[in-house]
Enquirer: 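One structure, pasted below without further comment.
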Amino acid sequence: MKDLPQRPAMTPRARHLAGIVQMLSSTPSVRRELVDEIKRQVEAGDYVTEEKLDVAIGRMLEDILR
C-alpha cells in the first residue's frame, strides 16, 4: 500500500486563523432572541412607539442632509 503524503504542519498564525474561522462558522448570523422579541412586539402592537419614530425620522433626516 502506498503511503499518503504527510500534511504540512500549520504555522501558529494559520492555526489561529483556522480557530477564528471555526468560531465564526458556528456563530449564528442572526441574533435569534432579538428577532423573536421584535416579532412578539409587532404581534402585540407594541413595536412602533413615538420614541422609535422620532429616532427613525432623525436618522433619515441626517442621511438626507449629508
Enquirer: Through direct or indirect side-chain contacts below 4.5 angstrom among Ile, Leu, Val, Met, Phe, Trp and Tyr, which residues connect to Val55?
Expert: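 Grouped by the 4.5 Å side-chain rule, Val55 forms a cluster of one, so the answer is none.
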Enquirer: Quick check: closest heavy atoms across Met10 and Ala14, and the distance to 0.1 Å?
Expert: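 Here Met10 and Ala14 meet closest at CE-O, 3.4 Å.
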Enquirer: Apart from Leu61 itself, what residues make up its hydrophobic cluster when side-chain heavy atoms of I, L, V, M, F, W and Y under 4.5 Å apart count as a link, directly or indirectly?
Expert: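 Taking Ile, Leu, Val, Met, Phe, Trp and Tyr as members, Leu61 shares its hydrophobic cluster with Ile57.
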Enquirer: Under 3.5 Å, side-chain donor or acceptor atoms of residues 35-48 against the rest of the protein: list the pairs with distances, not counting sequence neighbours.
Expert:
from	atom 1	to	atom 2	distance (Å)
Glu37	OE1	Arg40	NE	3.3
Glu37	OE2	Arg40	NH2	2.8
Glu37	OE2	Gln41	NE2	2.9
Gln41	OE1	Lys52	NZ	3.3

Enquirer: State the CG-CD distance between Leu53 and Glu51, to the nearest 0.5 angstrom.
Expert: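 Taking CG in Leu53 and CD in Glu51, the distance rounds to 10.5 Å.
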Enquirer: Step through the shown structure and confirm whether more than 12 heavy atoms of other residues, nucleotides or ligands are within 6.0 Å of CD on Glu33.
Expert: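 Yes, the 6.0 Å shell around CD holds more than 12 heavy atoms from other groups.
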